[in-house]
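Note sheet for the following structure.
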Protein chains: 4
Amino acid sequence: MAGSVNKVILVGNLGADPEIRNLPSGGKVVNLSVATSENWKDKNTGERREKTEWHRVVIFSEGLARVAESYLKKGSKVYLEGQLQTRKWQDQSGADKYSTEIVLQGFNSNLTLLDGRGDGEGAGAGDSGGFRGARDNGGNSGGGNNNSGGGQRPRPSAPAFEPGGMDDDIPF
Amino acid sequence: MAGSVNKVILVGNLGADPEIRNLPSGGKVVNLSVATSENWKDKNTGERREKTEWHRVVIFSEGLARVAESYLKKGSKVYLEGQLQTRKWQDQSGADKYSTEIVLQGFNSNLTLLDGRGDGEGAGAGDSGGFRGARDNGGNSGGGNNNSGGGQRPRPSAPAFEPGGMDDDIPF
Amino acid sequence: MAGSVNKVILVGNLGADPEIRNLPSGGKVVNLSVATSENWKDKNTGERREKTEWHRVVIFSEGLARVAESYLKKGSKVYLEGQLQTRKWQDQSGADKYSTEIVLQGFNSNLTLLDGRGDGEGAGAGDSGGFRGARDNGGNSGGGNNNSGGGQRPRPSAPAFEPGGMDDDIPF
Amino acid sequence: MAGSVNKVILVGNLGADPEIRNLPSGGKVVNLSVATSENWKDKNTGERREKTEWHRVVIFSEGLARVAESYLKKGSKVYLEGQLQTRKWQDQSGADKYSTEIVLQGFNSNLTLLDGRGDGEGAGAGDSGGFRGARDNGGNSGGGNNNSGGGQRPRPSAPAFEPGGMDDDIPF
DNA sequence: TTTT
DNA sequence: TTTT
């Protein structure tokens, strides 16, 4: 289709440490559970209410995955940009399940830590020392080995994301 | 939580006419099915590939619901802003299901037709005459009486900025 | 024009305390100076470089102006959404000048404090107690009486979605 | 600074054909003039009003520049994402001038044509045949020759953008 | 002028 | 199910 846009922007906090999975291919996928909440005062009762929304975030971008692994932890506040993607899978009983995730992959993905500093002064020895935001440069940032020639934008063969890392018949 | 943001921005096409549901309360809820797609050339095979993502959009805002009902139809291209929300429900067998939707409701929601012209075909005569984008004003658009003086949007003295370089038959 | 969008999203720090101007009309306008910066390593020299961009933000929305006045100060980190606007003015010599600003006014504006907590230090006693983000409701937030029934934001039956995986002492 | 975001999202129409400038370095820079407009009904007078805002867009990204050159023309409707940047320059009299532009360069830039089709059925013979959106992959998309080793993110030495292409003491 |  |  000529001209479509699929963009999610979140500012929220991690509900847990990042989950890192190493792929057979050598790659790395990071899952985040991010909470956003809203506060409002009920117009009728006058009481203050809060509603929290949990978002499952999947980082395929190597560069951003490394950043997440190195600098994010439970409670971290992040700004992120990704795309909505709904994935179909089967639970143990073979029933179809759908899970909607925010995918950080390729262009127009972004992940920025909004907390203090990465993980403190001495963190991140070496060159990339100190996290100060990161952007994907096409799935291959960082000198990583993407093997097999690329497939720069969408992932070549939609690597399966096996649910089960959290309760297994909850969408994430 | 102090400071969170939950925003989705889509530009896509409706896969079907809007579904309108009238609530017992007299309100109205509109559901849209919006497609976004990506095209890329496989780096390995060189073949062109396309992937379409379908998004379920739910409009609670009265003003935007009316706009959707009046101006959108199967095939329409729209720009929209809303929030991600995952809803839990039970299927006939009582099994828990989760559904993630893009909710247009209250502040920071937006719905803009990108197709031809909204005011075409005689629609929307009179006051709201001609759809040219719509924004929610807090769940109260439509019947609400906000009448309290003051041009609402642009600031009173909003100085025109006219570079003058533009020919006058530009279609906007 | 049918269908246009003009949106700026910034996450940055205030370079100075907010400047408040009281209008003859009784209204209030707040100006912010917001810095965003980028860091990168020069590919040629290998040295680390930084570039800071300063943004002039003008808040016409009453509700957001009050928030800015109450909770923001030099150094505060904010998330904000507004619109680009270029204003023409004359300097003392009568020469034309143009100034581009990010205007927070009316719909689709947002201002959220990303620092510590808004409600700290005793600020914001009473009803609006505790800043936890704010959105414009159409130029009428604050003094307006919108009282017409209905919890405004989340839909009535907004089902809680609690994956349960989260420890309960998470700071959000 | 840890964690800042500088993002502009526009949907608007080109007021003129793209201006292409070839740089001594062999690169290419494209300038767009994009109009966004708002319509509203004055709360006091009841009359319908419209305000158009003109945006100067500068495309440094090679890939997006090529796209703009090939598919955009006066009247085209586009979706674009870029960054705000204010540039200082001197007019003929040596007076300081400032110009704020939306820069498409490097990561997190996007340019998507929302009009019908690229430039018609048979356009764009060969591989990239038919414009269907484009994203920057870091300043070097397209196999272009960026010479001199790169400088991937911000431009190494802020290539001067000589005003004058339009009236010369208007900021764009 | 901020922030790291 | 859209669109190109």
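Everything quoted here is computed from the prediction, not taken from an experiment. Within every chain, numbering begins at 1; the chains are lettered A, B, ... in the order of the sequence lines, protein sequences first and strands thereafter.
Stacking between C:W54 and the base of E:dT2 is absent under the criterion of ring centres within 5.5 Å and planes under 30 degrees.
Here the P atom of nucleotide E:dT3 and the OH atom of C:Y79 are 22 Å apart, to the nearest Å. One interatomic measurement links the two molecules: NZ of C:K51 to P of E:dT4, which rounds to 20 Å at whole-angstrom precision. As rounded to whole Å, 22 Å separates atom P of E:dT3 from atom CZ of C:R49. Counting to the nearest Å, the P atom of F:dT1 and the CG atom of B:D17 are 15 Å from each other. When the P atom of F:dT4 is taken as reference, atom CG of D:L114 falls 12 Å away, rounded to whole Å. In this structure, NZ of B:K77 is placed 20 Å from P of F:dT1, rounded to the nearest angstrom. Between the P atom of E:dT1 and the CG atom of C:L32 lies a distance of 18 Å, rounded to the nearest Å. Taking atom CG on C:L14 and atom P on E:dT4, their separation rounds to 13 Å, with Å as the unit.
Shown here are the side chain to side chain donor-acceptor pair (under 3.5 Å) partners of C:N31, two or more places apart in sequence or in another chain: C:R56. Legend: residues meeting salt bridge (Lys or Arg N to Asp or Glu O under 4.0 Å) with D:E69, ordered by chain and number and at least two apart, are D:K28.
Side-chain contact of B:T100 with B:T86: a donor-acceptor pair under 3.5 Å is present, judged by distance alone. Side-chain atoms of A:N110 and A:T112 form a donor-acceptor pair, as typed in the model, at a separation below 3.5 Å.
The side chain of B:A16 lies closest to F:dT1, out of E:dT3, F:dT3, F:dT1.
With hydrogens and angles ignored, a donor-acceptor pair under 3.5 angstrom links the side chain of C:T52 to the base of E:dT2. For C:S33 against E:dT2, no side-chain N or O and base N or O form a donor-acceptor pair under 3.5 Å.
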